[in-house]
Peer 1: 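I have a structure I would like to understand better, so I am pasting it below and will then ask my questions one at a time.
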Number of protein chains: 2
Amino acid sequence: MTQAVRKHSDRVQRRSHAERTAETRRKIIDAVVDSISDVGFQNTTAAEIVRRAGVTWGAAQHHFGDKDGILIAVLEDSFGHFARRLDDINQKGTSLEKRIDLFIDRAWEHFGGAEYRSTFEILLNFAGSDQSQPESVWQSEMSQAWQRIWTRIFSDVQIKRQRARLLQQYTVSVLTGLASTQMLGKANTQDNLDQLKLVKDTLYRELRDQSKK
Amino acid sequence: MTQAVRKHSDRVQRRSHAERTAETRRKIIDAVVDSISDVGFQNTTAAEIVRRAGVTWGAAQHHFGDKDGILIAVLEDSFGHFARRLDDINQKGTSLEKRIDLFIDRAWEHFGGAEYRSTFEILLNFAGSDQSQPESVWQSEMSQAWQRIWTRIFSDVQIKRQRARLLQQYTVSVLTGLASTQMLGKANTQDNLDQLKLVKDTLYRELRDQSKK
DNA sequence: CAATTTGCATTGCAAGCGCTATGCAAATGG
DNA sequence: CCATTTGCATAGCGCTTGCAATGCAAATTG
């Protein structure tokens, strides 16, 4: 009989505050990403977020303060994820062409996903609300991460700083454009791959003559 | 004395209903574009629109029914404007390179402006609200206009239909991406021009070997 | 000219939104 | 074990939003 009692109490798992906090925050942030992707920013109300997260407003309030607090947390999380994704690229001993491939494909994993969409829509909304730091801080941090990875992956390429910057921006524009098309509900995987190939070709052409191979 | 009376009544200008309608609609549509560009979609409330237009809700209600009606009218207007802008391209007797130049620059006039931003944000919101026809109709009409102009301008280019379609899409992606960056408040004219040059180069490279010159 | 139609202004309302405040539950630390 | 802190649920509120309804002004028509 005590064996049966023991088994029952093991089911009520005691969790630390840190664990509970992490899980609740995770649920809320994921709910935002899911909601924006599904019903757009306008319909992603505080009520919708907590409904999707399976918590109540009290929990969100406790952890994030208000709706903007939630949205800012989503940006931070997304940015961190983006940077880690790019940092993971293992280009050791590969050709220039292969490196470009890896770089673009990995970046597209980010731009093509629900996470980027939520980031984009949040930033767009912030830009519309006031021209204050939230968006420019993220933009700047993202650019820095982008450049840092670029410098690492193409360290052997002798190219003017100005030109490198332009190519970085151009790549971001293409990826953002592709993502935008996707957001508007018109997506075709093969089309995306073909377009990615075009930007890869542009990069290859620009960088190959300056590469030590 | 009758001369003075005559002069006075000339100041109260009688306008036809058609004139009044056209002006009121123009004001409201322009107000939407202005508002979205200035404060974003979320803050572009019905109240904000009529305030900027200098009319009252009754006028908007009469002409457009509801807020969605206004937004759809903005899309129609923008699409028409886009098509006319592209139709205006005079490429007679110019080189391939020059034609690409004209095409991209004219298109950027559209994508880089407040009008496209409002279109984009409206479509994005519609996509988030329901996956119904409004956005796919415009997307499709816009693609058709784009292809029609492309075919006219590059009529001498022998290129596979599939490849032409890809290049068209790619161009739209770049332009959309540039526009997005602008929407997020980070714009630099020279950077934009440099990026446009890159896409022009890509087009030129792809099309020149198939051109009769 | 008068009746009718169209254009526009005003008022008020139902619903939704973000979030303050309060209180109970769960975990922590002494 | 108990006091304290942290996590979360609930209730309610003020404000905003979109828009239905009504009535007056301006243009049109016969």
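Numbered from 1 within each chain, the chains take letters A, B, ... in sequence-line order.
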Peer 1: Please table the atom pairs, donor to acceptor, closer than 3.5 Å between any side-chain atom in residues 53-62 of chain B and protein atoms at least two apart or in another chain.
Peer 2:
{"unit_1": "B:Trp57", "atom_1": "NE1", "unit_2": "B:Gln61", "atom_2": "OE1", "d": "3.1"}

Peer 1: Between B:Asp38 (side chain) and B:Asp34 (backbone), is there a donor-acceptor pair under 3.5 Å?
Peer 2: no
Peer 1: Determine whether B:Val74 and B:Glu115 make a side-chain contact, defined as any pair of heavy atoms from C-beta on separated by less than 4.5 Å.
Peer 2: no
Peer 1: Output yes when a side-chain donor or acceptor of B:Thr94 lies under 3.5 Å from a complementary backbone atom of B:Gln91, and no otherwise.
Peer 2: yes
Peer 1: Has A:Lys67 got its NZ or CZ under 6.0 Å from the middle of the six-membered ring of A:Phe41, at an angle within 45 degrees of the ring axis?
Peer 2: yes
Peer 1: Hey, where on DNA chain C does chain A first and last touch, going 5' to 3'? Cut-off is any atom under 4.0 Å from a heavy atom.
Peer 2: C:dC17 to C:dT28
Peer 1: Heavy atom of residues 16-23 of chain B under 4.0 Å from DNA chain C: which residues?
Peer 2: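 Heavy-atom contacts with DNA chain C come from B:His17, B:Arg20, B:Thr21.
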Peer 1: Please identify each residue that fulfils side-chain hydrogen bond (donor to acceptor under 3.5 Å, both in side chains) with A:Asp105, with sequence neighbours left out.
Peer 2: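 Only A:Lys200 meet the side-chain hydrogen bond (donor to acceptor under 3.5 Å, both in side chains) criterion with A:Asp105.
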Peer 1: Classify every nucleotide of nucleotides 10-20 of chain D by which part a protein heavy atom approaches to under 4.0 Å, writing B for the base, S for the sugar-phosphate alone and - for neither, in 5'-to-3' order.
Peer 2: B------SSBB
Peer 1: If we ignore angles and hydrogens, is there a donor and acceptor under 3.5 Å between the side chains of A:Asp191 and B:Gln169?
Peer 2: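 A pair is found: one side chain offers a donor N or O, the other an acceptor, under 3.5 Å apart.
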Peer 1: Answer yes if the side chains of A:Gln190 and A:Asp194 hold a donor-acceptor pair under 3.5 Å, and no otherwise.
Peer 2: yes
Peer 1: Decide yes or no on side chain to side chain donor-acceptor pair (under 3.5 Å) for B:Asn192 and B:Gln182, but give the supporting numbers first.
Peer 2: CA-CA 9 Å; B:Asn192 288 343; B:Gln182 201 149 282; 3.1 Å; yes
Peer 1: Applying ring-ring contact (aromatic ring centres under 6.0 Å, His included), name anything that partners B:Trp150, two or more places apart in sequence or on another chain.
Peer 2: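 Result, ring-ring contact (aromatic ring centres under 6.0 Å, His included) vs B:Trp150: B:Phe103, B:Phe154.
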